[in-house]
There are 2 protein chains.
Amino acid sequence: MAACNTSSIRRDCFTCQSRERAEWCALNKEELRLLDKAKVVREYRPGEVIFHQGDPCRGVHCFETGMVGLRKIDADGNSILLGLAYPGDTLGYRSFLVGEDHGASAETLKPSTICFLDGATVRTLLKHNPALGLQFLQTVARELGAAEERILQSVTLSVRARFAHLLLVLKDRYATSGKDGRFELELPLARQDLAAMIGIRPETMSRAIKQLEEDGVAYFSGRSVAVPDVKRLLREIEPESYL
Amino acid sequence: MAACNTSSIRRDCFTCQSRERAEWCALNKEELRLLDKAKVVREYRPGEVIFHQGDPCRGVHCFETGMVGLRKIDADGNSILLGLAYPGDTLGYRSFLVGEDHGASAETLKPSTICFLDGATVRTLLKHNPALGLQFLQTVARELGAAEERILQSVTLSVRARFAHLLLVLKDRYATSGKDGRFELELPLARQDLAAMIGIRPETMSRAIKQLEEDGVAYFSGRSVAVPDVKRLLREIEPESYL
DNA sequence: CCGGTGCCTTGACGTTGATCATGATGGGCG
DNA sequence: CGCCCATCATGATCAACGTCAAGGCACCGG
């Protein structure tokens, strides 16, 4: 019985890089010990489901490395990507906090390492350390702001504008180079998932891409995109801003 | 110098009915004293603005009586009603928590009484009483769930289905009678505001109403609606559910 | 080398809802 | 009572998107 209890390398909450960027940075040594003892680490391959929409929510997931998408499906089978999650994020905390079943599915888009924390432990920590609750409060409030923004955009903006907006959001995280307005980025998603992010059909996404290329706003090749001028992209979102 | 310091009748946080249904129920006597001393009561007539989108957020508003709408506007002037608020709700707490300017406007739809609480006081209370933070956490998390649901619906459901859904939501609060599926309700909003709730134009709302009447799903007269069968309304939302 | 499979593109077509314009309705007020 | 104003209804038209169908292209296993 060696010290190796998980999948190859030892993971612990004390040295976890992701934790420091997460809500859990509020915890002290003793609380970290509790966290470390309670956590269950798991490695996921791309395309695996962490939890399904409708599943009972038994705790939260700490996202350590990789990339995951949050997908929401309605009764007719229409699905959209609510968003992407990154290392440091906590998954499934919303359902946990209100004590409901999961309102969305979480699936890995790249190989990922994710820790599970059972509800009892989280509840204990929340009760024990008020700062943790305030951290979550910040996170949820920020998310709510983003969601409300998205509601507005989804009913007022055209597909083209929403796509431009998505590219700008992705740019902040994935842009490789950038001088005087020019930039390139490597898309983290397939076209159909890009489409799902703004709630449109893959066919419509294809056409939107073609249009942007015809107008010289952005050029697509596989998953790489080249944008000659950010301002052109910005103008797609606020049509009448300065004429 | 009589005891009357506000607009006619004395308002205090100790006996406030709305507070008991709000996050503030977590406070103890001493904290209530602080709350009561800090609050600024104000009466609003219909159509008044409590705060504007883009205004700096200096605190939160406790909604005591009346009715208010939260409106969000984009750069092109398109506006939607994010939702309605009712006595017991706290207004502007999201912007306050993340320390941003207000992301939406709040305007009264009926005569209302609303207390203002400055940010410093709220911060003190939050720090002092962890339960208050957890109450807010609950509220925000619930709101976030609703917002995500709405994002999905706004891109997948037709106008007709979204309107049916809105009627069902309003039913829970405003339905006057109801036996075996039949019910009536008094709309709290004008048509153009109903339209704004689901992000469509007033003209489209008119046509949606006409259609529902032609199909015998609901009958409109001024602000009163009669629905002969709830199931018909439910079926509008999940088209292929049981055929 | 071949056939399969998943993802993407393209085209033709229908439907939905926005837009613009015009007229109806009804309530408040002089 | 009649006028004005806001709200609502209706019609005609158009652009945007979804839908259906077909075909290309890369990757994979046999």
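Chain identifiers are assigned alphabetically (A, B, ...) following the order of the sequence lines, protein sequences preceding nucleic acid strands; residue numbering begins at 1 within each chain.
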Indicate whether the side chain of [X] and that of [Y] have a donor and an acceptor atom separated by less than 3.5 Å.
X: Glu23(A); Y: Thr90(A); answer: yes
X: Arg160(A); Y: Gln211(A); answer: yes
X: Thr176(B); Y: Glu184(B); answer: no

Worksheet item: For atom CD of Glu186(A), is the number of surrounding heavy atoms from other residues, nucleotides or ligands below 6.0 Å larger than 12?
Response: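 Result for CD/Glu186(A): enclosed.
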Discussion item. Using whole Å, what does the distance between atom C1' of nucleotide dT9(C) and atom CG of Leu212(A) come to?
Written reply: 16 Å
Fill in: Nucleic acid footprint by protein, nucleotides 7-22 of chain D - heavy-atom cut-off 4.0 Å, B for base, S for sugar-phosphate alone
SSBBBB----SSBB--
Fill in: Counterpart residues, side-chain hydrogen bond (donor to acceptor under 3.5 Å, both in side chains), relative to Glu48(A) (two or more places apart)
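Counting only residues at least two positions away or on another chain, Glu48(A) forms a side-chain hydrogen bond (donor to acceptor under 3.5 Å, both in side chains) with Arg42(A).
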